[in-house]
Amino acid sequence: MAWMMISVGMLLIGVFLVIVIKSYMADQNASSQEKNLPSLLQLEMENEQLAGENDKLLEELTKYQAGESAAALASEQLEQAKISAGLVSLSGPGIVIVLDDSDQKRSTSNGNIGNYYIHEEYLRAIVNALWNGGAEAISINDQRITSNTEIFCSGSYIKINNTRQMPPYNIVAIGNQDNLKSALQFYVWDMLGEYQQQYGITRKLEIPKESVTVPAANQYSYKYAQPVKEG
Amino acid sequence: MINKHVITVATIAAVAIGFLISLQFQAQKEVDSAEKIQQQRVEQTDTVMKTLQDENNSLQEEYNRISAELERYRNQNSENPYLKARLDQLKITDGTIAVTGPGVKMIVKDTGPDTDAVIPLSTDELREIVNVLRLAGAEAISINGQRIVASTSIVISGTATILVNSVPISRIGGTTYEILAIGKQDDLLDYLTNMIAIDLKQFGRKVEITRETVTIPSFKGSYTFEYASEVKKG
């Protein structure tokens with residue numbers, strides 16, 4: 001009798017186990033679906049990008065087909081490309097951010113001395129947030145930020161466009177002032193605020209009524225990259 | 001007496017077993033229906049995925065067709081090759097042209113199988129990689145097919161999805177990043193190995209860097225200048 005009860009008990013445990021394993025596998029399935037979601041979104045975004053790109057090309061093609069001369073169109077494109085490549089000085093509404101090292105006497109007893117300085121990551125994080133907020137042009141200490149611009153700490157200075165920059169850092173961005181400000185606040189501003197309170201670094205945001213100006217970059221000369229011929 | 005005792009126990013046990021079995025069946029039914037729904041969802045996702053993929057293919061075809069035709073028109077401009085060359089240089093900077101050349105390919109597996117890391121790659125780490133490549137003189141950079149231009153922002157959306165040029169590039173459960181750069185191979189390799197790979201490996205991530213001739217896609221976003229206007233030199 002006891003043996004029989006034990007066997008029945010064992011049987012039950014077995015059935016339980018199967019159920020548990022099954023539901024676990026169902027969970028696994030769910031996460032594989034979750035995994036698919038980002039690639040779905042990615043494809044959707046890529047399609048959107050491609051469609052936009054095709055529209056742009058088609059527009060250009062239509063101009064050619066309407067008989068516009070290649071030379072005229074090319075010089076028009078050249079002007080556009082100069083602006084988007086950052087080779088033209090721009091001005092407009094925008095914001096100015098000033099960051100500076102702390103001037104508090106650095107009592108080495110008070111933790112990490114690095115907390116009193118403005119680091120390359122702060123500048124990069126701010127630039128990143130400003131682009132995210134729809135900035136149309138950005139400069140740091142009159143160095144225009146282009147696709148080739150590095151922001152790299154080399155000890156006592158920060159290298160930007162191969163020039164040495166020292167604090168204070170003046171970051172100027174052109175764009176919608178509200179959007180720039182909220183992007184900044186969303187990503188980095190609070191963290192810098194804490195450093196300001198604790199260690200006395202300078203963190204200043206100005207939203208001037210008059211327009212701000214961002215200087216032009218120098219043309220980068222490419223030695224390795226070749227345009228891919230289409231078709 | 002003993003018999004009576006056994007019978008009582010057996011009855012209680014039988015009732016308990018009956019109860020448990022019916023509970024099991026109930027749970028089993030629920031699991032089954034959940035599975036069915038799950039299955040339907042996966043199928044739906046697959047259908048959407050396929051539609052998107054088809055759309056992607058036809059858009060790509062259209063892109064190639066228009067580009068080829070455009071190229072013919074643009075080349076009529078042969079009386080002024082200087083203008084075209086200058087335009088190409090500018091387009092490398094703003095990223096609106098695909099480029100090819102000597103460079104490096106870096107594959108980073110951040111988490112998941114064959115890594116010892118549990119924390120996914122952060123946007124800070126990705127920005128640092130881009131920055132080191134720029135320092136090493138990279139002329140063009142892409143991450144998972146997204147061209148990195150000046151205005152590229154690398155941000156996190158929600159808790160886990162990394163957006164580059166507003167396109168999600170990370171996966172739940174571990175992402176493989178393919179980072180391509182064109183430039184002087186020795187420099188790119190040296191900077192990446194010493195300034196990036198060491199740290200990533202220390203975190204348990206898998207890193208592979210190879211010299212390669214790479215092709216980097218064009219930036220598909222758009223440049224709009226709604227607020228900024230040209231400063232006229234006076």
Side-chain angles (χ1 to χ4, degrees), chain A residues 1 5 8 12 15 19 22-23 26 29 33-36 38 40-45 47 49-51 53-54 57-58 60-61 64 70-71 74 77-78 81-82 84-85 88-93 124 128 131-132 136-137 145-148 150 152 174-175 220 222 224-228 230-231, chain B residues 6 13 20 24 27 31 34-35 38 41-42 45 49 52 55-56 59 62-63 66-68 70-71 73 76-77 80 83 87-88 90-95 97-102 127 131 134-135 139-140 149-151 153 155 161 167-168 171-173 182-183 220 223 225 227-231:
Chain A
M1 195 68 191
M5 300 238 309
V8 170
L12 265 179
V15 174
I19 304 268
K22 273 210 148 177
S23 55
N29 241 337
Q33 187 208 2
E34 257 173 40
K35 274 184 204 163
N36 270 335
L40 251 174
L41 287 174
Q42 180 173 10
L43 253 182
E44 209 169 352
M45 285 302 300
N47 285 355
Q49 282 189 341
L50 259 175
E53 183 80 0
N54 283 349
L57 292 181
L58 213 57
E60 194 188 334
L61 194 62
Y64 277 118
Q77 283 179 347
L78 196 70
K82 267 191 194 164
S84 48
V88 174
S89 174
L90 297 174
S91 76
R124 278 206 299 272
N128 190 64
W131 288 129
N132 194 254
E136 296 179 354
I145 308 299
T146 73
S147 56
N148 300 106
E150 81 289 4
F152 188 79
I174 299 176
Y220 196 91
Y222 295 99
Y224 302 94
Q226 292 292 327
V228 174
E230 313 280 358
Chain B
V6 168
L20 284 177
Q24 290 289 7
V31 168
E35 249 175 26
Q38 196 58 50
R41 276 200 198 147
V42 169
T45 319
M49 196 75 173
L52 283 174
E55 196 183 15
N56 191 279
L59 280 169
E62 195 183 340
Y63 178 80
I66 303 174
S67 303
L70 254 185
E71 199 60 27
Y73 277 107
Q76 289 173 353
N77 195 26
N80 194 349
L83 202 62
L87 190 57
D88 280 350
L90 292 173
K91 283 183 172 177
I92 298 177
T93 307
D94 75 12
I97 197 171
V99 285
T100 183
R127 281 201 292 272
N131 196 52
R134 284 171 172 162
L135 183 74
E139 299 184 348
V149 297
S151 60
S153 66
V155 295
T161 308
V167 176
R171 296 269 180 288
I172 294 162
I182 293 176
K220 306 291 193 311
Y223 286 97
F225 292 92
Y227 296 91
S229 54
E230 215 171 313
V231 176

Output the option from [options] having the highest count of non-hydrogen pairs under 4.5 Å with chain A.
| options | value |
| --- | --- |
| B:Leu70, B:Asp94, B:Val167 | B:Leu70 |
| B:Ile182, B:Val149, B:Ile66 | B:Ile66 |
| B:Glu62, B:Glu230, B:Arg134, B:Glu139 | B:Glu139 |
| B:Ala140, B:Gly95, B:Ser153 | B:Ser153 |
| B:Gly101, B:Ser229, B:Pro102 | B:Ser229 |

State the [atom1]-[atom2] distance between [X] and [Y], to the nearest 0.5 angstrom.
| X | Y | atom1 | atom2 | value |
| --- | --- | --- | --- | --- |
| A:Glu53 | B:Leu59 | CD | CG | 11.0 Å |
| A:Asn54 | B:Ser67 | CG | OG | 7.5 Å |
| B:Asp88 | A:Tyr222 | CG | OH | 12.0 Å |
| B:Asn131 | A:Glu150 | CG | CD | 7.0 Å |
| A:Glu44 | B:Asn56 | CD | CG | 11.5 Å |

- Side-chain donor/acceptor of A:Ser147 to backbone N/O of B:Thr93, under 3.5 Å: yes

Which atom pair, heavy atoms only, marks the closest approach of [X] to [Y]?
| X | Y | value |
| --- | --- | --- |
| B:Val155 | A:Asn128 | CG1-ND2, 3.7 Å |
| B:Ala228 | A:Ile174 | CB-CG2, 3.6 Å |
| A:Ile145 | B:Ala150 | O-CB, 3.8 Å |
| A:Pro93 | B:Tyr227 | CD-O, 3.5 Å |

- Message: Counting heavy-atom pairs closer than 4.5 Å to chain B, which one of A:Ala225, A:Ser84, A:Ala51 comes out on top?
- Response: A:Ser84

- Pick whichever of A:Ala85, A:Ala81, A:Gly92, A:Ser91 has the most heavy-atom pairs under 4.5 Å with chain B. A:Ser91

